[in-house]
Amino acid sequence: MKIQFAPTDLPLTRRLQMASVLQWVFSFLGLAPCCIMMFFVLMFTRFWLISVLYACWFFIDWETPSKGGRRFHFLCHLRVWDYMRDYFPVKLVKTADLDPGKNYILGFHPHGVLVAGAFINFCTNATGFRKLFPGLDSFLLMLPLWFRAPFFRDYIMMAGLIPSNKESASYLLCRQGGGNAVVIAVGGAPEALDARPGAFTILLANKKGFVKLAMEHGAHLVPVFSFGENELFDQVENPRGTCLRWIQDKLQSIMGISLPLFHARGVFQYSFGIMPYRKPINTVVGRPIRVEKNEKPTVEELDALHQLYTEELSQLFEEHKGKYGVPEDQHLSFV
């Protein structure tokens with residue numbers, strides 16, 4: 001394989017963009033294990049008291065992630081996120097106003113490999129979410145597993161991340177006065193196994209929990225499609241029915257996280273590595289679907305709203321695909 005090296009005379013801005021994405025990839029893939037290791041290593045050094053005190057804090061603070069987390073807004077405004085935005089680049093597109101007096105569930109599609117579009121748009125202020133939707137606070141749901149990692153849980157909470165369980169989402173959706181936008185990557189970890197360039201497979205057919213949650217709290221549903229999300233990484237071929245896919249599905253069902261074998265480019269060369277490609281991400285926020293509060297919806301009511309949401313998502317895709325280089329004959333595939 002011929003290796004294509006990056007030029008040595010790159011502008012400083014490009015290098016800073018690369019550094020910002022590199023730290024994000026490390027945070028996503030390696031920071032949690034490092035934090036866990038540091039916690040236990042400190043126990044056997046003269047700094048053991050740090051781990052003991054943190055363990056006490058961890059016990060006292062156990063419920064915080066499911067109670068809205070602990071966002072530090074200054075962290076969301078750091079310059080590093082602007083550099084990360086410009087690396088791809090990422091753009092947030094508004095199609096309709098969202099009333100700040102209401103609560104919302106934003107269904108994010110597709111999941112992609114590392115949910116880059118969701119993080120930049122809804123966990124930072126780099127693309128201007130607060131300017132486009134004044135009065136709304138966005139909270140991105142993340143696997144509960146990561147909130148059990150010492151130190152790491154505090155870091156991700158500062159960005160507005162909360163556990164992806166009913167308790168955490170319900171806490172925000174129950175708040176009087178509205179102003180809360182809970183962002184759910186509906187396809188979840190399993191959808192990451194289908195994330196590759198040119199793929200438009202959406203795991204939605206049997207995903208009805210978020211619809212039921214919206215009905216129980218009277219939270220309006222908003223479909224969101226992120227064009228370019230699946231273009232950031234290549235992935236080893238793993239069609240359904242193959243041995244590799246069976247192993248991946250089995251591990252996902254056991255651990256709760258998927259293990260896509262992805263690759264893209266490196267830091268100093270363009271031929272291989274785990275740095276994402278520089279591909280534009282255009283995240284389009286659709287029109288809100290009005291939902292009346294119904295604490296005990298029937299199966300028929302749930303199915304009807306789920307069908308409406310599916311149709312709205314499909315329409316959103318069809319209306320905007322031409323602007324972002326998607327072929328006219330390409331349509332979403334719901335599984």
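FYI, side chains are in, hydrogens and waters are out, and symmetry mates aren't considered; it's all heavy atoms of this structure. In this text the structure is predicted, and so the values were computed from the model without any measurement.
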Which heavy-atom pair separates [X] from [Y] by the least distance, and what is that distance?
X: L10; Y: P7; result: CG-O, 3.6 Å
X: I162; Y: F147; result: C-CZ, 3.3 Å
X: M18; Y: G266; result: CE-O, 4.4 Å
X: I3; Y: Q269; result: CG2-CB, 3.8 Å
X: P223; Y: Y309; result: CA-OH, 3.6 Å
X: L259; Y: Q248; result: O-NE2, 3.1 Å

Between [X] and [Y], is any pair of side-chain heavy atoms under 4.5 Å apart?
X: P280; Y: N282; result: yes
X: L232; Y: L114; result: no
X: K207; Y: E191; result: no
X: H331; Y: E318; result: yes
X: P65; Y: M157; result: yes
X: E301; Y: L305; result: no
X: F151; Y: I36; result: no

Count the heavy atoms of every other residue, nucleotide or ligand shown that sit under 6.0 Å from [atom1] of [X], and state whether that count exceeds 12.
X: K208; atom1: NZ; answer: yes
X: E63; atom1: CD; answer: yes
X: D97; atom1: CG; answer: no
X: K91; atom1: NZ; answer: no

Test your reading of the model: is there a side-chain donor-acceptor pair from [X] to the backbone of [Y], 3.5 Å cut-off?
X: R278; Y: Y87; answer: yes
X: N103; Y: R175; answer: yes
X: S258; Y: L193; answer: no
X: N294; Y: E216; answer: no

Centroid-centroid distance, [X] to [Y], less than 6.0 Å:
X: W48; Y: F44; answer: no
X: F233; Y: Y277; answer: no
X: F268; Y: F5; answer: no
X: F227; Y: F317; answer: yes
X: F133; Y: F129; answer: yes

I need the [X] [atom1] to [Y] [atom2] distance, nearest 0.5 Å.
X: M275; Y: W24; atom1: CE; atom2: CH2; answer: 9.5 Å
X: S20; Y: L78; atom1: OG; atom2: CG; answer: 11.5 Å
X: M158; Y: R71; atom1: CE; atom2: CZ; answer: 12.0 Å

Between [X] and [Y], what is the ring plane arrangement, given parallel below 30°, perpendicular above 60°, and tilted in between?
X: F72; Y: F74; result: tilted
X: F108; Y: F122; result: perpendicular
X: F225; Y: F200; result: parallel

### Task
May I have the step-by-step check of side-chain contact (heavy atoms from CB on, under 4.5 Å) for Y83 and V21, ending in yes or no?
CA-CA 8 Å; Y83 285 121; V21 175; over 6 Å; no
### Query
Is R245 salt-bridged to D194, cutoff N-O under 4.0 Å?
yes
### Task
With sequence neighbours excluded, tell me which residues meet salt bridge (Lys or Arg N to Asp or Glu O under 4.0 Å) with R70.
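For R70, the residues satisfying salt bridge (Lys or Arg N to Asp or Glu O under 4.0 Å) (neighbours in sequence not counted) are D61, D154.
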### Query
Should the pair R196 and F262 be classed as cation-pi, given the thresholds of under 6.0 Å to the six-membered ring centre and 45° from the axis?
no
